[in-house]
Trainee: 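The structure that follows is given in the form of structure tokens.
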Amino acid sequence: MKYAILFIGLLLAGTASSQHVRFGVKGGGDVSLFNASGPQNITAKPGFGGYAGGIVEIGKFDGSRPKLQFELVASQRGIKNNYKVGDDIISKRSISLFQLSFPVLFRYFIRPSFSLNAGGAFNYNVYAQGKTTSVKNNATVVNKYMDKDQLQSVQGNLLLGINYYYMLGFFLDVRYNFFGTPLLKDIGSLNYKDNLHTIQVGVGYKFQHHVKGKGKK
């Protein structure tokens, strides 16, 4: 993770010296869908969480349509699954995941107040704990994935989103994330596979900061 932070720091330092830069903060909630496959029939259920972080937006000049944005985001994700045999649910699983993410995205402003965003992110999984509860006897098993070396340390994801400024400096942010790499490792001969999808909805604020020129928003 330290190499990712160093890389982003060097990139920002080299770029910000000759560009228009704005800093900001953001936060909100997310909905996670965790598609998994294994020896049992596993169905995804919506899980809820939240996130908060900081952003750096870089453009050629204040009103430029294309811009780059770098972020550091901490997320607490809730993940849920049902395990089925036929049509009968035999157990329910919930996972609490804490994740640090380093998104890099390209933003294009269709209007001064509205932009389309696309990019990718490097994600470091700090902690994950799961609880599986049997429907038949209500017994619960706690699984600390890090202790059993079942949690992937690093994941990558692609992202798409929209951003809308609704008043001076304040914005609404909606984003879809697709994780192309699994959260959990293939466990022995179980042939376990998964991928995570999340939708984030949040608000934020961008401060005025100028390396060159004067801002309009």
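All residue numbers in this chain count up from 1 along the given sequence.
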Trainee: Who passes side-chain hydrogen bond (donor to acceptor under 3.5 Å, both in side chains) against S32, sequence neighbours left out?
Mentor: none

Trainee: Is there a donor in the side chain of S91 and an acceptor in the side chain of S134, or the other way round, less than 3.5 Å apart?
Mentor: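 Distance-only check fails for S91 and S134.
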
Trainee: Please determine, by modelled atom types, if R107 and S115 share a side-chain donor-acceptor pair under 3.5 angstrom.
Mentor: yes

Trainee: Would you list the pairs meeting salt bridge (Lys or Arg N to Asp or Glu O under 4.0 Å) in which at least one residue belongs to residues 155-181, sequence neighbours left out?
Mentor: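 Pairs touching residues 155-181 that pass the test: K26-D173, E71-R175, D173-R175.
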
Trainee: Less than 3.5 Å apart, any donor N or O on the side chain of N117 or Q69 sitting next to an acceptor on the other?
Mentor: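 No, because no side-chain N or O of N117 sits under 3.5 Å from a partner of the opposite role on Q69.
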
Trainee: Would the distance check show the side chain of N81 and the main-chain N or O of F34 forming a donor-acceptor pair, the cut-off being under 3.5 Å?
Mentor: yes

Trainee: Testing the basics here: between L151 and K185, what is the closest heavy-atom pair and its distance to 0.1 Å?
Mentor: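 L151 and K185 have their closest heavy atoms at O-CE, 3.7 Å.
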
Trainee: Just verifying a value: how many Å separate Y51 OH and L100 CG, rounded to the nearest 0.5 Å?
Mentor: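 CG of L100 is found 15.5 Å from OH of Y51.
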
Trainee: For the residue pair N177 and H197, confirm or rule out a side-chain donor-acceptor distance under 3.5 Å.
Mentor: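 Judged by distance alone, the side chains do not pair up.
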
Trainee: Decide side chain to side chain contact (heavy atoms under 4.5 Å, CB included) for V141 and K131; before the verdict, give the C-alpha distance in whole Å, the side-chain angles of both, and the deciding distance to 0.1 Å.
Mentor: CA-CA 6 Å; V141 176; K131 292 183 180 181; over 6 Å; no

Trainee: For the aromatic rings, using the six-membered ring if either is Trp, is the centroid distance between F207 and F23 under 6.0 Å?
Mentor: no

Trainee: Does any N or O in the side chain of D194 come within less than 3.5 Å of the main-chain N or O of L184, such that one atom is a donor and the other an acceptor?
Mentor: yes

Trainee: Keeping N137 on the side-chain end and A139 on the backbone end, is there a donor-acceptor pair under 3.5 Å?
Mentor: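 Looks like yes, one N/O pair under 3.5 Å.
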
Trainee: Do the side-chain N and O atoms of N123 and N157 include a donor-acceptor pair separated by under 3.5 angstrom?
Mentor: yes

Trainee: Mind checking the CG-NZ spacing from N138 to K92? Nearest 0.5 Å is all I need.
Mentor: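 With rounding to 0.5 Å, CG (N138) is 9.5 Å from NZ (K92).
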
Trainee: What's the separation between atom CZ in F102 and atom CZ in F122, rounded to the nearest 0.5 Å?
Mentor: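 It is 6.5 Å, given to the nearest 0.5 Å.
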
